J.: 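So that we are looking at the same thing, I have put the structure below in structure tokens.
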Amino acid sequence: MRPPGLARIGMMLCGLGLAGCGSLDSAPTPLAGDLLNAPATLNLGGQLLRLTAAPQLVREADRFSVRVNVEASAPASNPAATDPLKVTGIYVFTGAGLWHSPRLSDFSGASNCFTQVCAWGSGSANGFTAGEDVRVIAQLRDASGKTYWLRDARSQNVVSKPLIR
């Protein structure tokens with residue numbers, strides 16, 4: 001039998017642990033392994049979604065950007081069950097490590113978006129080289145706030161683009 005003092009201490013420690021749990025305002029920063037294990041296809045409401053990416057490097061401006069498109073391979077079996085998706089993060093694995101886009105533009109409703117979801121992420125080109133193979137992963141969120149991860153099934157080659165003035 002345990003002394004009563006130890007039981008009380010154990011209950012207090014349990015209470016402190018539970019008090020530390022709470023809701024987050026945003027999704028936690030993912031770990032590298034979690035991102036690389038993100039699915040290459042996502043089935044939502046009967047639609048099979050795939051991500052395609054186009055990474056670009058503008059060396060003269062020291063800028064890196066990547067456009068992502070989420071395409072549906074089949075119409076939704078129940079369109080009412082499928083919430084619209086929005087890109088809330090773009091991550092790129094390079095030889096130098098992980099890059100997270102500091103600037104993000106979702107232009108899914110624009111006339112030049114021919115897929116279900118379109119977004120553009122950009123930032124500093126530190127760590128990128130033209131011709132390098134990279135992996136691109138997008139964080140998606142539906143209208144109800146649920147977060148999904150989707151990666152491009154293929155490694156993408158960083159294309160060098162000239163600075164247009």
Side-chain angles (χ1 to χ4, degrees), residues 24-77 79 81-165:
L24 298 173
D25 289 335
S26 62
T29 302
L31 301 174
D34 295 334
L35 287 172
L36 289 175
N37 288 323
T41 59
L42 190 59
N43 188 340
L44 290 179
Q47 289 186 351
L48 190 59
L49 304 176
R50 297 182 195 280
L51 178 80
T52 57
Q56 300 176 354
L57 178 66
V58 181
R59 178 60 65 201
E60 296 90 353
D62 193 35
R63 305 295 306 156
F64 176 77
S65 63
V66 60
R67 179 183 172 145
V68 295
N69 298 311
V70 178
E71 302 173 58
S73 62
S77 58
T82 308
D83 285 332
L85 294 173
K86 180 177 176 76
V87 175
T88 55
I90 297 176
Y91 297 82
V92 179
F93 277 96
T94 72
L98 178 65
W99 178 84
H100 176 237
S101 177
R103 281 182 281 301
L104 186 64
S105 299
D106 187 311
F107 58 97
S108 299
S111 61
N112 62 343
C113 178
F114 304 109
T115 60
Q116 184 172 356
V117 178
C118 300
W120 194 275
S122 64
S124 172
N126 291 342
F128 289 98
T129 57
E132 177 181 15
D133 282 336
V134 296
R135 299 298 301 230
V136 178
I137 299 95
Q139 179 184 28
L140 308 169
R141 185 169 295 138
D142 64 16
S144 64
K146 187 168 182 182
T147 298
Y148 302 93
W149 297 95
L150 191 59
R151 71 175 165 80
D152 194 333
R154 302 178 302 133
S155 291
Q156 294 296 325
N157 223 316
V158 175
V159 177
S160 183
K161 295 284 186 181
L163 181 63
I164 299 172
R165 295 178 191 226

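Everything numeric in this text was worked out from a predicted model, so none of it was measured.
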J.: Specify the closest pair of heavy atoms between A153 and R135, including all atoms of both residues, with the distance to one decimal.
T.: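 So the minimum-distance heavy-atom pair works out to O-NH2, 3.5 Å.
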J.: Please tell me if the side chains of F64 and S124 come closer than 4.5 Å, counting only heavy atoms from C-beta onward.
T.: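 Result no, sub-4.5 Å side-chain heavy-atom pair not found.
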J.: Nearest 0.5 Å, please: how far is CH2 in W149 from CG in L51?
T.: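 Rounded to the nearest 0.5 Å, the CG-CH2 separation comes out at 12.0 Å.
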J.: Determine the minimum heavy-atom distance between A53 and V66, stating which atoms define it.
T.: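 Looking at all heavy atoms of both residues, the shortest contact is CB-CG2, 4.1 Å.
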J.: Write down the atom of S160, the atom of A130, and the distance for their closest heavy-atom approach.
T.: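 Distance-wise, the nearest heavy atoms are CB-CB, 3.7 Å.
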J.: Can you confirm whether or not the ring centre of Y91 sits under 6.0 Å from the ring centre of W99?
T.: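 Here the rings of W99 and Y91 have centres that are no less than 6.0 Å from each other.
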J.: I'd like to know if the side chain of D142 and the backbone of P84 have a donor-acceptor N/O pair within less than 3.5 Å.
T.: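 No, D142 side chain to P84 backbone: no donor-acceptor pair under 3.5 Å.
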J.: How long is the straight-line distance from CH2 of W120 back to CD of Q56, given to the nearest 0.5 Å?
T.: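 The distance works out to 4.0 Å.
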J.: Can you tell me how far apart CZ (R50) and OG1 (T41) are? Round to the nearest 0.5 Å.
T.: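 The distance works out to 5.5 Å.
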J.: Other residues, nucleotides and ligands only: do more than 12 of their heavy atoms fall within 6.0 Å of CZ on R154?
T.: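 Count not over threshold, so no.
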J.: Does any non-hydrogen side-chain atom of N157 lie less than 4.5 Å from one of E132?
T.: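 Result no, sub-4.5 Å side-chain heavy-atom pair not found.
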J.: Using side-chain heavy atoms (C-beta onward) and a distance below 4.5 Å, is V136 in contact with I90?
T.: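 Yes, side chains in contact.
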J.: Quick one: are V158 and D133 in side-chain contact, heavy atoms under 4.5 Å?
T.: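 When only atoms from C-beta onward are counted, D133 and V158 do not touch, as no gap falls below 4.5 Å.
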J.: Got a second to check how far K86's NZ is from L140's CG, nearest 0.5 Å?
T.: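 K86 NZ to L140 CG: 11.5 Å, rounded to 0.5 Å.
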J.: Run the side chain to side chain donor-acceptor pair (under 3.5 Å) test on Q156 and D152 for me, step by step, so that the C-alpha distance in whole Å, both residues' side-chain angles and the decisive distance to 0.1 Å come before the verdict.
T.: CA-CA 8 Å; Q156 294 296 325; D152 194 333; 3.0 Å; yes
J.: Between R151 (side chain only) and A38 (backbone N and O only), is there a donor and an acceptor less than 3.5 Å apart?
T.: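 Yes, R151 side chain to A38 backbone: donor-acceptor pair under 3.5 Å.
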J.: Take L98 and L35 through the side chain to side chain contact (heavy atoms under 4.5 Å, CB included) test and state the conclusion after the steps.
T.: CA-CA 10 Å; L98 178 65; L35 287 172; 3.8 Å; yes
J.: Might you work through the side chain to side chain contact (heavy atoms under 4.5 Å, CB included) test for V68 and T52, ending with a clear yes or no?
T.: CA-CA 6 Å; V68 295; T52 57; over 6 Å; no
J.: Of the non-hydrogen atoms in L104 and G89, which two are nearest, and what is the gap between them?
T.: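 Shortest heavy-atom contact: CD2-N, 3.6 Å.
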J.: Which pair of non-hydrogen atoms, one from A72 and one from Q116, has the smallest distance, and what is that distance?
T.: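 The answer is CB-OE1, 3.6 Å.
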J.: Would you give the length of the straight line joining atom CG of D106 to atom OG1 of T88, rounded to the nearest 0.5 angstrom?
T.: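 It comes to 9.0 Å.
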J.: Quick check: does any side chain N or O of Q47 sit under 3.5 Å from a backbone N or O of L44, one acting as donor and the other as acceptor?
T.: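 Such a contact is absent between Q47 side chain and L44 backbone.
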J.: Can you tell me how far CZ of R67 sits from OG of S105, rounded to the nearest 0.5 angstrom?
T.: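 Output value for this atom pair is 11.5 Å.
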J.: Hey, are the side chains of L57 and V159 touching, using non-hydrogen atoms and a 4.5 Å cut-off?
T.: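 No, every pair of side-chain atoms sits at 4.5 Å or beyond.
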J.: Taking C-beta and beyond as the side chain, do I137 and F93 meet within less than 4.5 Å on heavy atoms?
T.: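 Yes, their side chains come closer than 4.5 Å.
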J.: Evaluate the side-chain proximity of N69 to V117: yes if any heavy-atom separation is below 4.5 Å, no if none is.
T.: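 No, side chains not in contact.
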J.: Determine whether R141 and K146 make a side-chain contact, defined as any pair of heavy atoms from C-beta on separated by less than 4.5 Å.
T.: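 R141 vs K146: side chains apart.
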